[in-house]
There are 2 protein chains.
Amino acid sequence: MTEPALPRAERRRRTERRILDAARDLFAERGFERTTIRAVAAAAEVDPALVMQYFGNKRRLFAEAVRVAGPPDSAAGPEEAVEQLLGTLGVKMRLPPASLAMLRSMLTHPEAAATAREALSRQVGQVGASLSGENAPLRAALMTMILLGVTVGHQLLELDELREAPHDDLVAALRPALRALAEPAL
Amino acid sequence: MTEPALPRAERRRRTERRILDAARDLFAERGFERTTIRAVAAAAEVDPALVMQYFGNKRRLFAEAVRVAGPPDSAAGPEEAVEQLLGTLGVKMRLPPASLAMLRSMLTHPEAAATAREALSRQVGQVGASLSGENAPLRAALMTMILLGVTVGHQLLELDELREAPHDDLVAALRPALRALAEPAL
DNA sequence: TCGTTGAGTCAACGCCTGTTGAGCGAAATG
DNA sequence: CATTTCGCTCAACAGGCGTTGACTCAACGA
């Protein structure tokens, strides 16, 4: 009936991970404001006070839960930039919950907005560095925003027109649009 | 010192409009959850109870505040669809507060999400009808999402790379990308 | 002029939130 | 075995929220 009584350190690690996983999922689903500490605690099968003890406050819990490794730096030509961006759509359009949580909250939670701005700016800079021609930063920003828009529409708003299309069709349709921005004006 | 004592009907209309304007601005700035009835009332220089008396509850206040006329129906060729979409960026990129309020809340407030989905789907359908070739609905959806992404990045996240660029450059850079989606595969 | 209407205020309600401090009981330590 | 450590729970707090009902008083209609 009872568990095999794990060592303390291991037990703590598992609990912390359970809380973090629950928090990530809830933040991804409802956003920062509508996710309560109590709901996270319940999902992790833990007392709300324990969540506070582990993470101090709700903002820090969010920050820990959405911490995600940025894409590897790589700057080559415009072609590679396009493919790199298309790659951010994720395998079969399934983004990690941490990213979804960030996206979901970036318009309403100020700290999420700041983090998102930073991450997006880094990507813009990276893409921009691999472009030549006029207005490279602007074009890089537009390319990044295109993927933001598509991701939001697909993952968060769940628009039928995007969900019904096969992933490959979507990528194939999007590629020429990105190329049009990546290539120096013809 | 005192006002010229307006007639009741007129007075009511003005107060209602003051509340609605304040609500729109706050919803646009902070989103649904972080905007309180009390803050709206304070901005409109009115008692919170009056807001309730006029609009019943917070959800209805939001619904009234963001009610906005959809773009005029018009479907012609792919060229016109592109220009129509580019037009939604607004004169000098200044969108009406009602639209900003919708956009700001669409990822976290379920009713805003539903309304946004509906409005976007209508636009997708409209754009799609003016496209020919394969995957017209998908391509129309992508075109719409492109504008969503650019608008979010510019108006809500306020990315420097987009804010610094002249409006005309932005439109000009975006046009070929949209054309690539609008034109039947070459 | 006098009763009625209705715009607007006041004070409070119940609820839910993030957050805290005291305490329990099992694992670790000697 | 005795003691300390610490993962975890319990019960509660203060504050802010949406919302309500009773009330005030100036504009209105007869």
Side-chain angles (χ1 to χ4, degrees), chain A residues 1-23 26-27 29-66 101 105 108-112, chain B residues 1-23 26-27 29-66 101 105 108-112:
Chain A
M1 280 297 177
T2 52
E3 274 87 76
L6 293 162
R8 278 235 266 254
E10 177 64 14
R11 197 165 168 75
R12 182 192 169 109
R13 244 175 286 134
R14 293 202 190 180
T15 305
E16 188 170 325
R17 165 168 275 272
R18 233 170 46 235
I19 294 174
L20 233 28
D21 288 346
L26 285 170
F27 282 136
E29 195 180 316
R30 311 183 189 172
F32 181 81
E33 321 285 350
R34 292 173 50 88
T35 297
T36 67
I37 297 276
R38 287 168 217 264
V40 171
E45 292 177 300
V46 144
D47 191 275
L50 193 64
V51 178
M52 302 302 296
Q53 201 173 120
Y54 278 17
F55 300 98
N57 60 44
K58 189 183 173 184
R59 282 165 32 233
R60 277 219 288 278
L61 171 63
F62 180 83
E64 291 284 338
V66 305
S105 300
T108 42
H109 180 42
E111 295 186 27
Chain B
M1 279 298 176
T2 51
E3 274 88 76
L6 293 161
R8 277 234 268 255
E10 178 64 13
R11 196 165 169 75
R12 180 191 170 110
R13 246 176 285 133
R14 292 202 190 181
T15 305
E16 189 170 327
R17 165 168 275 273
R18 232 169 47 237
I19 295 174
L20 233 28
D21 288 346
L26 285 170
F27 282 136
E29 195 180 317
R30 311 182 188 173
F32 181 80
E33 322 284 350
R34 292 171 52 88
T35 298
T36 68
I37 297 277
R38 287 168 217 262
V40 170
E45 293 177 300
V46 144
D47 191 275
L50 192 63
V51 178
M52 303 301 297
Q53 200 174 123
Y54 278 16
F55 299 99
N57 58 45
K58 190 183 172 184
R59 283 164 33 234
R60 277 220 287 276
L61 171 63
F62 180 82
E64 292 285 338
V66 304
S105 301
T108 43
H109 180 41
E111 293 184 29

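Keep in mind the model is a prediction, meaning the values are calculated, not measured. First the proteins, then the strands, lettered A, B, ... as listed; each starts at 1.
Terminal axes of the helix from C/dT1-D/dA30 to C/dG30-D/dC1 (five pairs each, C1' rotation axis) are separated by 0°, to the nearest 10°.
Listed pair A/Thr15 / D/dG7 fails the phosphate criterion, with no side-chain N or O lying under 4.0 Å from OP1 or OP2. Between B/Arg11 and C/dG8 there is a side-chain polar atom (N or O) within less than 4.0 angstrom of OP1 or OP2.
Residue pairs that meet the side chain to side chain donor-acceptor pair (under 3.5 Å) test with at least one member in residues 48-65 of chain A, sequence neighbours left out, are A/Arg59-A/Glu111.
Regarding A/Arg13, its CZ atom lies at a distance of 18 Å from the C1' atom of D/dC8, rounded to whole Å. Residue A/Asp47 contributes atom CG, which lies 13 Å from atom C1' of C/dG21 at whole-angstrom precision.
In this structure, A/Ile37 and A/Pro48 approach most closely via the heavy-atom pair CG2-O, 3.9 Å. A/Leu61 approaches A/Ala23 most closely through the heavy-atom pair CD1-CB, 3.9 Å. A pairwise comparison of heavy atoms in B/Arg34 and A/Glu33 identifies CD-OE2, 2.9 Å as the closest pair. Between A/Ser105 and A/Gly31 the shortest heavy-atom distance is OG-CA, 3.4 Å. Residues B/Ile19 and B/Ala44 share a closest heavy-atom pair of CA-CB, 3.8 Å. Considering every non-hydrogen atom in both B/Ala101 and B/Val66, the closest pair reads CB-CG1, 3.7 Å.
The structure places CZ of A/Arg12 at 8.0 Å from CG of A/Leu50, a figure rounded to the nearest 0.5 Å.
Contacts between residues 49-62 of chain A and DNA chain D, counted as heavy-atom distances below 4.0 Å, involve A/Ala49, A/Leu50, A/Gln53, A/Tyr54. Interface residues of residues 29-43 of chain A facing DNA chain C, ordered by number: A/Thr35, A/Thr36, A/Ile37, A/Arg38; criterion, heavy-atom separation under 4.0 Å.
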Side chain to side chain contact (heavy atoms under 4.5 Å, CB included) assessment of A/Arg18 paired with A/Thr15: CA-CA 5 Å; A/Arg18 233 170 46 235; A/Thr15 305; 4.0 Å; yes

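Residue-environment remark: CD (A/Glu45) stays at or below the threshold of 12 foreign heavy atoms within 6.0 Å.
Applying the salt bridge (charged side-chain N to carboxylate O under 4.0 Å, His left out) criterion to B/Asp47, with sequence neighbours excluded, gives no partner residue.
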Kindly give the atom pairs (protein nitrogen or oxygen, nucleotide nitrogen or oxygen) under 3.5 Å for nucleotides 28-30 of chain C.
residue	atom	partner	partner atom	Å
C/dA28	OP1	A/Arg8	N	3.0

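Using modelled atom types, no side-chain atom of B/Thr35 and backbone atom of B/Arg30 make a donor-acceptor pair closer than 3.5 Å.
Salt-bridge formation is not detected for the pair A/Glu16/A/Arg13: no Lys NZ or Arg NE/NH1/NH2 atom is positioned less than 4.0 Å from an Asp or Glu carboxylate oxygen.
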